[in-house]
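Just below is one structure, and these are the notes that go with it.
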Amino acid sequence: MAATTYMYLPDECWECVFKFLNDDDEDDKDNSYFKSLSLVSKQFLSITNRLRFSVSIGSKKHPFIHLLFQRFPDITSLTLKRGFCHDPNAFRGDHNTFLHQISRYSLKLSYLNLSSQVFIPADGLRVFSQNITTLTSLNCSHMNSIRSSDMLLIADCFPLLQELDLGTITIFPSQDNFIDGIKTLSLALSKLRKINLSTHRYMTDECLFHLFNNCKFLEEVIIFDCFNITNAGIVYALCERPKFKSLHFTNRTDNCSNLLDILRNCPSLSNIKMKYPYQYMWEESVDNSNSLMVVSPQLETLCLAGNTWLSDESIIVFASIFPNLQLLDLSYCKKISEGICEVLKRCGKIRHLNLSYCSKVKLFGMNFEAPKLEVLNLSHTGVNNAQLHMISKSCRGLLQLSLEHCYYVSNTGPKHVVENCVKLREINLKDCHKVQPKVIASMILSRPTLKKIIVPPRYRFNDGERELLRHGCLLSS
């Protein structure tokens, strides 16, 4: 009895343990860790029920939502599971009826996800908002259609919204006055911090100005493929929000002049994602002398994926402008070659670098230390064993390395990485046809930190390797 008493831990201690373990598992996106713990005992079931704050409703859960909310009383996030027509788990019920139903429960929801549905359920949202007044984030992205009246409804029902996602919605030409809709929205949502209006092609410079002028707390705007918004309009709007932090937009010029103008007028920006419209083909034109006049030490995240005109010259200029970059995405920038080494040398704080589909990239110049680099994506590049050897000696702090479909990589390259990168947790060898399956066991045994390996082709997990499971490394294809 005494021993049992000493071994007892109160619920508060178990909660701390469960939270710590679940937070450490970055791959657990659907509370699967809590699901397994709940089977251990009634005490663990009770604790995990209290720690569950998000629920996704599909066709199987829909008839039992009253039991679901009884079991998880502290739910703050609710998603109607999206999916394709053939997906048996996608939500199939009537959205208006469902929103009517859940509005009867005493829920303190802060996030509602209705994305990838046919239309915005106006009647259901109106009833929902009358009984659940705590909503601060609404996702209605990827809808089949939207009307200006839907914007007015959102503005009327949810005045406390801080985040609104209306991105990638089909907007058909009609008599609807979307411009008035977005103006009303910006006036009503005074607490708005983040909004996604990608593909809203009715958006103009005037609309953008109203949004920035009226939403005093605005920090992040996503306006991909809004082709009626000009670069000058973006710069003018940014002047209204001197503490603005994050901008995602489509670049329609043949150089970086707009990016530099943005930085001059909004020195607080820490996150920029500049998309390239693939239907255009341009030649690069970068004025280095003017570029070097702008230095933005505050910028930490820069995504230039798909900007096919970018060359080594331009990214070296960026390295001078953004010395404190931590995340750099250059995927699909197919002109980049050896210049990336100079970028890593100048930007010593980069932690995450994406070079996937940069077919000409070369890393032979990695003859210096890059101790901060933790995530490196080289998928679909021409990297070979010699380059991997240099990377492994320069980037000993790597946590994740993706080599998917790297044709020139064989056994020796990944071995060098595993030997020299002492913190490595994950390596992707999918479609690396020259990597032999037999090296997997030696990699796990030589690097105990490994938690996940995406195995090369022809790999078969046999009985003789089951001992490897004790090392806690997940093997997947």
Side-chain angles (χ1 to χ4, degrees), residues 255-256 259-260 263 269-274 284 286-305 307-379 381-403 406 408-409 413 416-417 419-424:
N255 54 54
C256 289
L259 178 59
L260 303 179
L263 291 168
L269 270 172
S270 60
N271 181 342
I272 293 179
K273 187 171 184 178
M274 189 170 74
E284 178 189 24
V286 177
D287 185 346
N288 291 353
S289 59
N290 289 334
S291 300
L292 291 173
M293 295 174 63
V294 182
V295 178
S296 299
Q298 80 287 346
L299 197 73
E300 298 178 351
T301 300
L302 180 63
C303 177
L304 299 172
N307 286 274
T308 55
W309 48 268
L310 280 175
S311 68
D312 286 347
E313 180 186 18
S314 56
I315 63 171
I316 291 173
V317 169
F318 289 153
S320 301
I321 299 173
F322 315 125
N324 294 320
L325 274 182
Q326 295 186 27
L327 186 153
L328 179 60
D329 186 350
L330 298 173
S331 55
Y332 293 90
C333 296
K334 298 186 178 182
K335 286 188 176 182
I336 294 173
S337 180
E338 299 175 355
I340 191 61
C341 294
E342 187 64 26
V343 172
L344 285 170
K345 186 182 295 184
R346 297 188 184 190
C347 300
K349 295 182 179 180
I350 289 181
R351 297 184 296 106
H352 188 137
L353 177 62
N354 189 349
L355 297 173
S356 60
Y357 292 90
C358 294
S359 53
K360 295 183 180 179
V361 73
K362 292 181 175 62
L363 295 164
F364 287 112
M366 289 287 291
N367 55 356
F368 55 89
E369 292 289 325
K372 299 289 187 179
L373 192 62
E374 296 178 344
V375 180
L376 178 59
N377 190 339
L378 295 172
S379 298
T381 65
V383 66
N384 58 27
N385 293 326
Q387 294 179 64
L388 283 179
H389 191 194
M390 300 192 74
I391 290 170
S392 70
K393 293 189 293 184
S394 300
C395 312
R396 296 180 182 272
L398 269 185
L399 301 178
Q400 298 178 32
L401 175 63
S402 180
L403 300 171
C406 289
Y408 300 103
V409 171
H416 286 308
V417 172
E419 290 170 3
N420 295 323
C421 299
V422 295
K423 298 180 180 180
L424 192 68

Inset, instruction - Under the side chain to side chain donor-acceptor pair (under 3.5 Å) rule, collect the residues that match up with N420, sequence neighbours excluded. - result: S392

Inset, instruction - Taking the side chain as every heavy atom from C-beta outward, state whether L325 and F318 have any pair of such atoms under 4.5 Å apart. - result: no

Inset, instruction - Nearest 0.5 Å please: distance from the CG atom of N354 over to the CG atom of L328. - result: 9.0 Å

Legend entry - Over all atoms of both residues, closest heavy-atom pair of V375 and L398: N-CD2, 4.1 Å

Legend entry - Where L399 and L424 come nearest, the two heavy atoms and their spacing: O-CD1, 3.6 Å

Inset, instruction - Could you grab the distance from atom CD1 of I315 to atom CD1 of I321, nearest 0.5 Å is fine? - result: 12.5 Å

Legend entry - Gap separating the CG atom of L259 from the CZ atom of F322, nearest 0.5 angstrom: 5.0 Å

Legend entry - side chain to side chain donor-acceptor pair (under 3.5 Å) partners for S394, two or more places apart: none

Inset, instruction - Evaluate the criterion side chain to side chain contact (heavy atoms under 4.5 Å, CB included) for residue pair L353 and N377; output intermediate values, then yes/no. - result: CA-CA 6 Å; L353 177 62; N377 190 339; over 6 Å; no

Inset, instruction - Kindly compute the distance separating CH2 (W309) from OG (S314), expressed to the nearest 0.5 Å. - result: 6.0 Å

Inset, instruction - Nearest 0.5 Å please: distance from the SG atom of C395 over to the CG atom of L388. - result: 10.5 Å

Inset, instruction - Would you give the length of the straight line joining atom CG of L363 to atom OG1 of T381, rounded to the nearest 0.5 angstrom? - result: 7.5 Å

Inset, instruction - Give the intermediate values and the outcome of side chain to side chain contact (heavy atoms under 4.5 Å, CB included) for residues I391 and L401. - result: CA-CA 11 Å; I391 290 170; L401 175 63; 5.6 Å; no

Inset, instruction - Grab the two heavy atoms, one from V361 and one from Q387, that are nearest each other, plus how far apart they are. - result: O-OE1, 4.3 Å

Inset, instruction - Could you please spell out the steps behind the side chain to side chain contact (heavy atoms under 4.5 Å, CB included) verdict for I336 and D312? - result: CA-CA 5 Å; I336 294 173; D312 286 347; 3.8 Å; yes

Inset, instruction - Write down the atom of L269, the atom of L299, and the distance for their closest heavy-atom approach. - result: O-CD1, 3.5 Å

Inset, instruction - Scan residues 355-371 for pairs that pass salt bridge (Lys or Arg N to Asp or Glu O under 4.0 Å), counting only residues two or more places apart or in two chains. - result: none

Inset, instruction - For residues 335-354, pull every pair meeting ring pair (Phe, Tyr, Trp, His ring centres under 6.0 Å), keeping only residues two or more places apart or in separate chains. - result: none

Inset, instruction - Provide the closest heavy-atom pair for A319 versus V343 in the form atom of the first, atom of the second, distance. - result: CB-CA, 3.9 Å

Inset, instruction - Start with the C-alpha distance between L344 and M366, add both sets of side-chain angles, then the distance that settles side chain to side chain contact (heavy atoms under 4.5 Å, CB included), and finish with yes or no. - result: CA-CA 9 Å; L344 285 170; M366 289 287 291; 3.6 Å; yes

Legend entry - Closest non-hydrogen atom pair, P323 against S296: CD-O, 4.2 Å

Inset, instruction - Please identify each residue that fulfils side chain to side chain contact (heavy atoms under 4.5 Å, CB included) with N271, with sequence neighbours left out. - result: S246, H248, T301

Inset, instruction - Keeping to residues at least two apart or across chains, list the salt bridge (Lys or Arg N to Asp or Glu O under 4.0 Å) pairs with something in residues 340-357. - result: E342-R346, R351-E374

